[in-house]
Enquirer: 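Structure provided below as structure tokens; questions to follow.
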Amino acid sequence: MKLATFNINGVKARAEVLGRWLDTSAPDVAVLQEIKSVDEAFPRALIEDRGYHLETHGQKGFNGVAILSKLPLHDVTRGLPGDESDEQARYIEADIGETGLRVCGLYLPNGNPAPGPKYDYKLSWMERLRARAAALIAREIPVAFAGDYNVIPQPEDAARPDAWREDALFLPQSRAAFRRLETMGLYDALRLRHPEPGLYSFWDYQAGARPKNDGIRIDHWLLSPKAADRLTDCWIETAPRDWEKPSDHTPVWVELAA
DNA sequence: ATGGTAGGGGGCCTA
């Protein structure tokens, strides 16, 4: 079973890219971030006409996540538990068919400028994610947390780490919170298979970042022990970043044994 | 040190 995470940066602006990607790469499951659409305006036919089940958690203007799957989606949860006052649409969970796998799609807050209230929100959101992960890991089921974490875990995850030293994506507290997810028993799938530097999932639209390969790795799959046991491969699909009218992110994949 | 690009919504915010 092949699963991908893809920050598409606007589902309506990305209809052509998304359709082409589903047709050619054919994920069994995909989580999408930054759909930037309310649920009623989501172009469902784009997904459903290709044989996918679809669950969305959108809001007006920005943020918004979705999960699509060839197998039916069960027990869908919208919103990250832990703060009833949080109205930002950044999190969705669902069980995949009868596989026993639970997939969590997340769009972690950017956090800039730091310090400030946006950075405080990022760190508190990461603490809520840690608590949610602990609750799901305690069930001893395979769980996969995938999405745009807006965290550069290590210097080798950026072409120019020094340019990010003061950025919320690379500040020590952000990296420590990400490491905390790993030390509690979640595995960074890409690093289980690929220790080499220079693997990126995001290139800014500005300043020719893509042709210069001035990228960062911020889209991740974190796997619970039982999900990591099923991992057979993990890779970054760079081609869609070079298609016409691309997202600034590109898909990151895992293959899990059924 | 600045500005460079993109999407969405509506005359600016977020990234």
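For clarity, every value in this text was computed on a predicted model and none was experimentally measured. Chain letters run A, B, ... following the sequence lines, proteins first, then strands; residues in each count from 1.
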Enquirer: State, with a plain yes or no, whether a side-chain heavy atom of A/T99 is found less than 4.5 Å away from one of A/L71.
Expert: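 When only atoms from C-beta onward are counted, A/L71 and A/T99 do touch, with a gap below 4.5 Å.
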
Enquirer: CG of A/D167 versus C1' of B/dT14: gap in Å, rounded?
Expert: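 The answer, rounded to whole Å, is 14 Å.
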
Enquirer: Within this structure, what is the NZ-to-C1' distance between A/K118 and B/dA15, rounded to whole angstrom?
Expert: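 Those two atoms, NZ and C1', are 9 Å apart.
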
Enquirer: Return the set of residues passing side-chain contact (heavy atoms from CB on, under 4.5 Å) with A/A176 (not counting sequence neighbours), or none when no residue passes.
Expert: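 Here the qualifying residues are A/R179, A/R180.
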
Enquirer: Distance check, P atoms only: B/dG10 and B/dA6, in whole angstrom units.
Expert: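 Going atom to atom, P in each nucleotide, I get 22 Å.
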
Enquirer: Can you check the distance between B/dG9 and B/dG3, where both ends of the measurement are the C1' atom (answer in whole Å)?
Expert: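 Going atom to atom, C1' in each nucleotide, I get 24 Å.
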
Enquirer: Applying salt bridge (Lys or Arg N to Asp or Glu O under 4.0 Å), name anything that partners A/R90, two or more places apart in sequence or on another chain.
Expert: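 Once residues adjacent in sequence are excluded, A/R90 has no partner under the salt bridge (Lys or Arg N to Asp or Glu O under 4.0 Å) criterion.
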
Enquirer: Expressed in angstrom and rounded to an integer, what is the separation of A/W164 atom CH2 from B/dA15 atom P?
Expert: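 So the CH2-P distance, A/W164 to B/dA15, works out to 13 Å.
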
Enquirer: What is the distance, to the nearest angstrom, from the CZ atom on A/R90 to the P atom on B/dT14?
Expert: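 After rounding, the reported distance stands at 11 Å.
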
Enquirer: Mark up nucleotides 4-10 of chain B, 5' to 3', with B wherever a protein heavy atom is under 4.0 angstrom from a base atom, S wherever such an atom reaches only the sugar-phosphate, and - elsewhere.
Expert: BBSSSSS

Enquirer: Pick base, sugar-phosphate or nothing for A/F202, based on heavy-atom distances below 4.0 Å to the nucleic acid.
Expert: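 If one applies the 4.0 Å heavy-atom cut-off, A/F202 turns out to touch nothing in the nucleic acid.
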
Enquirer: Show your reasoning for whether salt bridge (charged side-chain N to carboxylate O under 4.0 Å, His left out) applies to A/E93 and A/R132.
Expert: CA-CA 11 Å; A/E93 276 179 12; A/R132 183 58 179 165; 2.8 Å; yes

Enquirer: Given the P atoms of B/dC12 and B/dA1, what is the spacing between them in whole Å?
Expert: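 These two P atoms come out 28 Å apart once rounded.
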
Enquirer: Donor-acceptor pair, distance only, cut-off 3.5 Å: does the side chain of A/K212 make one with the backbone of A/A207?
Expert: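 Pair found, side chain donor or acceptor close to backbone of A/A207.
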
Enquirer: How close or far is atom P of B/dT14 from atom OH of A/Y121, stated in whole angstroms?
Expert: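 Atom OH in A/Y121 sits about 12 Å away from atom P in B/dT14.
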
Enquirer: Tell me if the centroids of the rings in A/Y149 and A/F178 come within less than 6.0 Å of each other.
Expert: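 Close enough - the centres of the two rings lie under 6.0 Å apart.
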
Enquirer: CD1 of A/I216 versus C1' of B/dA15: gap in Å, rounded?
Expert: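 It works out to 11 Å between those atoms.
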
Enquirer: Rounded to whole Å, how long is the line connecting atom CG of A/N112 with atom C1' of B/dC13?
Expert: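 It is 14 Å, rounded to the nearest whole Å.
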
Enquirer: In whole angstroms, how far is the P atom of B/dA15 from the CD atom of A/Q33?
Expert: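 The answer, rounded to whole Å, is 14 Å.
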
Enquirer: Quick one: does any side-chain atom of A/H194 pair with a main-chain N or O of A/C234 as donor and acceptor, under 3.5 Å?
Expert: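 Here the side-chain-to-backbone pair exists.
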
